[in-house]
S.K.: 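Sending over a structure as structure tokens; questions will come in a sec.
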Amino acid sequence: MILEMKNIKKNFGSLEVLHDISFSVDNGEVISIIGPSGSGKSTLLRSATFLERIDSGSISYMDEEAVSTGEDGKAHYISKAELREVKNFFGLVFQQFNLFPHKTVFQNITEAPIIIQKRDKETVKKEAIELLRKMGLEDKKDSYPCQLSGGQQQRVAIARALAMKPDILFFDEPTSALDPELTIEVLKIIKSLAEEKMTMVIVTHEMNFARAVSNRVIFMDGGYIIEEGDPESVFGNPKMERTKQFLRSYEE
Amino acid sequence: MSLQTMINTMAGGMLRTMGIFFLTLIGSLPLGLVVMFLEKRKNKVVSGITKVFISIIRGTPLMLQLLVWYFGPYYLFHISIRGYRFPAILIGFIVNYACYFAEIYRGGVESMPIGQYEAAEVLGYTKAQTFIRIILPQVVKRILPSITNEVITLVKDTSLAFTLAYSEVFSLAKQISASETSFMPFLIAGVFYFVFNYAVAFVMARIEKSMQYYR
């Protein structure tokens, strides 16, 4: 088990956005999380990556417990330093890319492995070149993010996350800021990662893509997991009325 | 007194003016960062006191502050310190400019998109690493035009040191003008400030240009 989240509860003020959600990811799984805006899918991802603090529940990576809930019903996080260690297990690709604009493509990819993970410089650089080649961006090594298209920036962001050698990669609506043409180039990359058995969790509005690439689909609404299963059953034969209604809105 | 003699007499004053200018920058640019951090502390007492201090410094004339720094120790504590004139001037200028810089820094830091912090956080950067490697370099670029403004104002503000009878170029110009009944010293001082500021603006424009490599 790479990630295990149990009984996650999260409130924004008096609004409960995650109601007792449990969710786990096995090695090699590609999971798509779909659902309308405000369904809690991004919050779930942000909770898994510690960008949001959950109110109660537990989160473990590789059987290492990062968040636990004791008798008092409140979530307890391990120390900041320990949390930084756990962050080595995962990577996150943002909707808005969030590349560092003052650093070149190459620096964006290599800085964290060298400075944060303190890995050997030469090895990291070699791997970065290899990653850029894989992303079809070997000629953009010395460009700055502002010189790239959105699709290229998102591919750099994927390379930056992969350079940390994560066990699991999260995508938070990775193509929502891109036009259809650029969306395709990013989806292709994610698909090729899926073929390499990279473990991934993808929050997405691209239904055809989710159906094609994932081996498990989770439909969320109103802070609940309404339905989950293999893509054929969720998309082809949804059981819940809410799921059918949601999928129908995409067909129109 | 010939023009040449006047210029020679005032040259020492020009050096002292430049001394105030550079020492103030060296002191206040980093001190402004400290003041900003104090202001942004979660501790309400620390940030509150800092905010009040900044508002006092920005709300009163620098000329008055110089007098307080210089005469304060004597009138408040009956301490007189030998050779305190120049240190008092520097304290007055550095504290005053640090508060203005702190507010400029704060504006720059708060204009940074949250995504930059989040990206660094997920990659495992500590708070300090995030600030030094990711936030600060981008903030510097954003605030440079405002910093240039302050630096140019500082060149002219150095003349306020005349309040404490420090013989920088403006004080000397006044003295010589009175003793020689000549308008010329003011012209010389004016040309000096203008040329100095022209050079400052040129250097700042170069620095700004060197940061144009990204948007």
Side-chain angles (χ1 to χ4, degrees), chain A residues 42 45-46 48-52 79-105 107-119 142-148 153 156-157 160-166 168-170 172 177, chain B residues 29-30 32-33 36-37 40-43 46 101 104-148 203-215:
Chain A
S42 279
L45 209 65
R46 290 171 60 81
T49 51
F50 310 131
L51 289 175
E52 298 286 355
S79 74
K80 276 185 184 171
E82 290 169 320
L83 218 47
R84 277 198 296 277
E85 288 301 314
V86 175
K87 284 174 185 168
N88 284 315
F89 290 129
F90 62 78
L92 171 63
V93 175
F94 298 85
Q95 179 179 353
Q96 299 295 341
F97 331 135
N98 294 343
L99 292 175
F100 304 132
H102 59 305
K103 294 179 188 294
T104 64
V105 164
Q107 289 166 339
N108 263 283
I109 298 172
T110 55
E111 183 171 285
I114 293 172
I115 304 293
I116 308 298
Q117 293 184 324
K118 302 200 163 45
R119 276 164 44 204
D142 298 314
S143 301
Y144 285 90
C146 63
Q147 297 165 316
L148 306 180
Q153 288 192 47
V156 174
R160 177 175 71 176
L162 288 173
M164 302 292 279
K165 297 190 175 295
I168 176 169
L169 195 50
F170 296 101
D172 189 5
Chain B
L29 284 169
L33 215 48
M36 179 201 71
F37 280 126
K40 283 184 77 76
R41 284 299 278 276
K42 283 211 183 83
N43 185 325
V46 176
F101 287 142
I104 295 176
Y105 294 155
R106 188 172 64 84
V109 168
E110 287 173 0
S111 76
M112 288 296 296
I114 184 118
Q116 293 289 303
Y117 290 94
E118 291 186 343
E121 197 182 324
V122 169
L123 289 169
Y125 284 68
T126 63
K127 270 205 166 124
Q129 286 169 326
T130 305
F131 186 77
I132 292 166
R133 296 182 166 274
I134 309 299
I135 304 301
L136 190 59
Q138 297 184 59
V139 165
V140 169
K141 180 184 160 86
R142 286 173 187 227
I143 63 174
L144 219 48
S146 317
I147 295 286
T148 302
V203 170
M204 295 305 286
R206 286 294 286 269
I207 299 175
E208 267 182 52
K209 210 171 168 202
S210 75
M211 298 191 148
Q212 295 296 322
Y213 64 89
Y214 75 92
R215 255 177 300 147

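Proteins get letters first, then strands, A, B, ... in listed order; numbering begins at 1 in each.
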S.K.: In chain order, what residues pass the side-chain contact (heavy atoms from CB on, under 4.5 Å) check against A81(A), with sequence neighbours excluded?
M.R.: S79(A), R84(A)

S.K.: Measure distances from L92(A) to the heavy atoms of chain B and classify the residue's part below 4.5 Å as side chain, backbone, both or neither.
M.R.: both

S.K.: Heavy atoms only, distances under 4.5 angstrom: which of F94(A), F97(A), F100(A) has the most pairs with chain B? Name it, please.
M.R.: F100(A)

S.K.: If I measure from the heavy atoms of chain A, does K127(B) come under 4.5 Å with its side chain, its backbone, both, or neither?
M.R.: side chain

S.K.: Between K141(B) (side chain only) and Y214(B) (backbone N and O only), is there a donor and an acceptor less than 3.5 Å apart?
M.R.: yes

S.K.: Just distance, no hydrogens or angles: give the donor-acceptor pairs under 3.5 Å from side chains in residues 112-123 of chain B, sequence neighbours left out.
M.R.:
residue: Q116(B); atom: OE1; partner: Q138(B); partner atom: NE2; Å: 2.9
residue: Q116(B); atom: NE2; partner: L99(A); partner atom: O; Å: 2.8
residue: E118(B); atom: OE1; partner: R46(A); partner atom: NH1; Å: 3.1
residue: E118(B); atom: OE2; partner: R46(A); partner atom: NH1; Å: 3.3
residue: E118(B); atom: OE2; partner: R46(A); partner atom: NH2; Å: 2.6

S.K.: Checking heavy atoms, do the side chain of E85(A), its backbone, both or neither come under 4.5 Å from chain B?
M.R.: neither

S.K.: CG of L29(B) to CZ of F101(B): how many Å apart, nearest 0.5 Å?
M.R.: 4.5 Å

S.K.: Between Q96(A), K103(A), E111(A), which shows the greatest number of heavy-atom pairs under 4.5 Å with chain B?
M.R.: E111(A)

S.K.: Grab the two heavy atoms, one from D142(A) and one from T104(A), that are nearest each other, plus how far apart they are.
M.R.: O-CG2, 3.9 Å

